[in-house]
Number of protein chains: 2
Amino acid sequence: MVAGWSRVEPMAARPDTMTRSADNPSAGTARRTAPRRGEARKALMQAALELVSTEANFSAISLRRIARQAGVVPTAFYRHFEDLDALGLTLVEETFRELRRLLQDADLSALPLKGLTRHSVELFAHHVRDNRLLFQFVVKERFSGTAPMRAAIHDEIRVLTHALAAIFARFDEFSHIAETDLRMLSDLVVNTVIALSERILEVAANHPEDTALMLRAEKQLRLIFMGVGQWESRPEDRDETDRSPADG
Amino acid sequence: MVAGWSRVEPMAARPDTMTRSADNPSAGTARRTAPRRGEARKALMQAALELVSTEANFSAISLRRIARQAGVVPTAFYRHFEDLDALGLTLVEETFRELRRLLQDADLSALPLKGLTRHSVELFAHHVRDNRLLFQFVVKERFSGTAPMRAAIHDEIRVLTHALAAIFARFDEFSHIAETDLRMLSDLVVNTVIALSERILEVAANHPEDTALMLRAEKQLRLIFMGVGQWESRPEDRDETDRSPADG
DNA sequence: ATTCTTTGTGAACAAGTGTTGACTTAATGG
DNA sequence: CCATTAAGTCAACACTTGTTCACAAAGAAT
């Protein structure tokens with residue numbers, strides 16, 4: 001939120017030369033007067049997230065609106081990002097960096113399979129809620145973003161899916177499942193978790209409905225794992241549906 | 001496909017004022033071809049679909065671009081739609097009208113449960129491929145569209161999910177499953193099928209990879225149904241996660 | 001034959017857009 | 001302490017945008 005550099009002044013702002021004039025409520029009281037390095041960059045990212053959360057999606061908001069929301073002149077944008085796409089890619093990156101950090105800290109493979117489902121669902125759901133804006137951004141851009149952004153998101157999800165398959169492989173309960181089927185399984189699980197987070201994001205923040213959603217997702221995962229017990233992998237099974245899809 | 005006028009050609013012209021002038025041959029000869037009633041409306045819808053398929057998403061393309069692509073002057077748009085949102089909602093409606101027609105004609109509940117999975121997946125996948133542009137539109141707008149569009153799409157999906165639960169309820173194999181769990185189940189199935197169609201749309205049209213994707217989805221559904229056999233519904237289970245989520 | 005309604009056209013508008021270049025200022029490194 | 005560079009500012013450009021208005025043609029209705 002870049003507080004208050006640029007001597008305020010009346011400034012008689014006509015174009016967007018104004019940074020925090022009457023219609024820009026982001027001013028408040030100037031706390032941090034000095035133009036701290038890299039502050040504006042963060043402010044731009046945050047502004048983009050806020051606008052995407054409010055408006056429809058990323059390609060619907062302009063560079064100038066982002067700058068305005070960040071309390072920064074439009075040209076300042078170019079000091080930190082080459083173009084809007086670069087900003088978007090940075091946000092995607094940050095989202096999955098945070099997510100990977102969470103999963104790494106939680107060390108799921110140390111748990112018994114029994115409690116893994118419930119624990120993972122709760123962990124993930126809370127993380128989504130705590131990083132609402134970031135995940136909202138990614139969910140919206142996953143299919144509607146520009147080609148590079150879509151590719152980036154899908155790559156990240158694919159990596160996560162593989163990692164999950166690797167975790168599954170460590171459990172005895174999955175020893176009878178072929179590698180191909182493990183990917184099929186983790187893909188199903190990831191899809192279910194994504195659907196959960198999409199729903200959490202649709203609902204008002206901290207809404208009590210969240211827990212109902214989590215319960216349902218947990219049930220779905222339990223149902224899936226029940227099927228795993230009876231699953232028989234056929235040796236001839238083989239799929240190649242695993243490469244990056246839309247790198248056109 | 002809108003035969004006559006779509007696609008405006010190279011168009012080095014500057015304003016969008018020209019529609020069928022000297023370089024547009026559809027003027028003098030055909031008296032009947034040009035002003036046919038309702039043609040322009042269809043042309044606008046088709047143009048929107050084509051542009052959304054090419055570009056990132058709906059809110060990224062302008063009214064003027066749609067009109068240009070449809071071979072129509074911008075003001076003509078207002079003769080057929082109140083604004084862009086109205087166009088979008090019409091497209092969503094058409095998508096699900098087509099889909100409902102397909103599912104109705106196929107009469108899934110007449111089949112034995114055995115072949116239902118494979119048959120349904122194939123039916124659905126082919127339908128998605130045959131209506132690529134429509135489904136691409138809906139997939140993109142499901143989360144990134146304006147609030148009314150998102151609401152419309154979610155409502156339609158919710159209706160389909162309920163219908164599927166109703167179909168399940170007719171099979172003996174599901175007689176031990178509580179109603180709540182039937183919805184939980186059909187939700188899982190619908191999510192899986194949506195994920196399938198999203199992937200089909202990412203891949204180049206008629207790509208051979210499609211069949212691999214279908215195979216994987218079919219496996220996932222089979223796995224789910226295996227779990228159903230062992231599932232025990234607990235009577236106290238009850239969820240309210242079923243109402244329309246984001247009508248804010 | 002007349003009206004009325006629908007559909008399409010062209011000009012104009014105020015507003016917003018991305019991007020440029022030339023400056024100013026602050027911080028950093030030697 | 002000075003030179004260099006990173007960060008921010010301002011004015012201006014050439015466009016594109018949504019929407020309006022008045023007008024023309026043509027079908028349908030009377």
Side-chain angles (χ1 to χ4, degrees), chain A residues 2-21 23-24 32-44 47-48 51 55 58-88 146, chain B residues 4-5 8 11-22 24 26-28 30-44 48 51 55 58-88 146:
Chain A
V2 164
W5 58 37
S6 80
R7 64 265 136 101
V8 174
E9 296 282 337
M11 197 184 243
R14 286 209 303 289
D16 32 28
T17 71
M18 68 90 188
T19 39
R20 59 191 82 269
S21 49
D23 48 346
N24 191 346
R32 198 167 271 319
T33 16
R36 280 253 293 270
R37 280 185 86 128
E39 285 281 277
R41 187 184 154 97
K42 271 191 193 168
L44 286 167
L51 286 176
E55 316 276 321
F58 191 50
S59 62
I61 65 182
S62 63
L63 184 149
R64 285 175 114 103
R65 298 234 294 140
I66 294 176
R68 215 179 305 150
Q69 171 90 4
V72 151
V73 99
T75 51
F77 182 94
Y78 295 103
R79 300 293 180 201
H80 302 280
F81 300 99
E82 203 176 59
D83 51 16
L84 283 174
D85 240 51
L87 209 196
T146 60
Chain B
W5 52 40
V8 182
M11 144 146 321
R14 288 190 317 277
D16 30 28
T17 66
M18 79 92 184
T19 36
R20 57 190 86 268
S21 45
N24 194 336
S26 69
R31 211 181 292 258
R32 273 252 167 263
T33 15
R36 275 249 295 272
R37 278 187 85 140
E39 286 282 276
R41 189 183 152 96
K42 273 191 191 168
L44 286 168
L51 285 176
E55 315 277 322
F58 191 50
S59 62
I61 65 182
S62 64
L63 185 151
R64 287 176 112 103
R65 298 234 295 139
I66 293 176
R68 216 179 304 150
Q69 171 91 3
V72 153
V73 97
T75 51
F77 182 94
Y78 295 102
R79 302 292 179 200
H80 303 280
F81 300 99
E82 202 176 61
D83 52 15
L84 283 174
D85 241 51
L87 207 196
T146 60

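Within every chain, numbering begins at 1; the chains are lettered A, B, ... in the order of the sequence lines, protein sequences first and strands thereafter.
- Between the CZ atom of B:Arg79 and the CG atom of B:Leu44 there is a distance of 13.0 Å, given to the nearest 0.5 Å.
- The side chain of B:Arg65 lies closest to D:dT17, out of D:dT9, C:dG10, D:dT17.
- In this structure, A:Ser62 reaches the sugar-phosphate backbone alone: every heavy-atom distance under 4.0 Å involves primed, P, OP1 or OP2 atoms, never a base.
- Taking both residues in full, the closest heavy atoms of B:Ala86 and B:Phe81 are given as C-CD2, 4.2 Å, listed atom of the first, atom of the second, then distance.
- The separation between A:Leu63 atom CG and C:dG16 atom C1' is 12 Å, rounded to whole Å.
- Rounding to the nearest 0.5 Å places NZ of A:Lys42 at 12.5 Å from NE2 of A:His80.
- Atoms CD1 and CD1, from A:Ile66 and A:Ile61 in turn, are 4.0 Å apart once rounded to the nearest 0.5 Å.
- Residues A:Pro74 and A:Ala67 share a closest heavy-atom pair of CA-CB, 3.7 Å.
- Here C:dC13 presents its P atom at 14 Å from CZ of B:Arg64, a figure rounded to the nearest Å.
- When rounded to the nearest whole Å, the span between CD1 of A:Ile66 and C1' of D:dG8 equals 18 Å.
- In this structure, OH of A:Tyr78 is placed 15 Å from P of D:dT9, rounded to the nearest angstrom.
- For the pair B:Thr75 and A:Thr75, both in contact range of DNA chain C, the more 5′-proximal nearest nucleotide belongs to B:Thr75.
- A heavy atom lying under 4.0 Å from DNA chain C marks the following residues of residues 79-87 of chain B, by number: B:Arg79, B:His80.
- Note that CZ of B:Phe77 and CZ of B:Arg64 are 13.0 Å apart. Values are rounded to the nearest 0.5 Å.
- Residue A:Leu51 contributes atom CG, which lies 15 Å from atom C1' of C:dT17 at whole-angstrom precision.
- Between B:Ile61 atom CD1 and C:dT17 atom P there is a gap of 18 Å when expressed in whole angstrom units.
- Contact check, B:Arg68 against D:dT17: a side-chain N or O comes under 4.0 Å of OP1 or OP2.
- Counting only distance, with no hydrogens or angles, the side chain of B:Asp85 and the backbone of B:Gly88 share no donor-acceptor pair below 3.5 Å.
- Look at CD on B:Glu39: it is 15 Å from P on D:dG27, rounded to the nearest Å.
- Per the geometry, NZ belonging to A:Lys42 stands 16 Å off C1' belonging to D:dA7, to the nearest Å.
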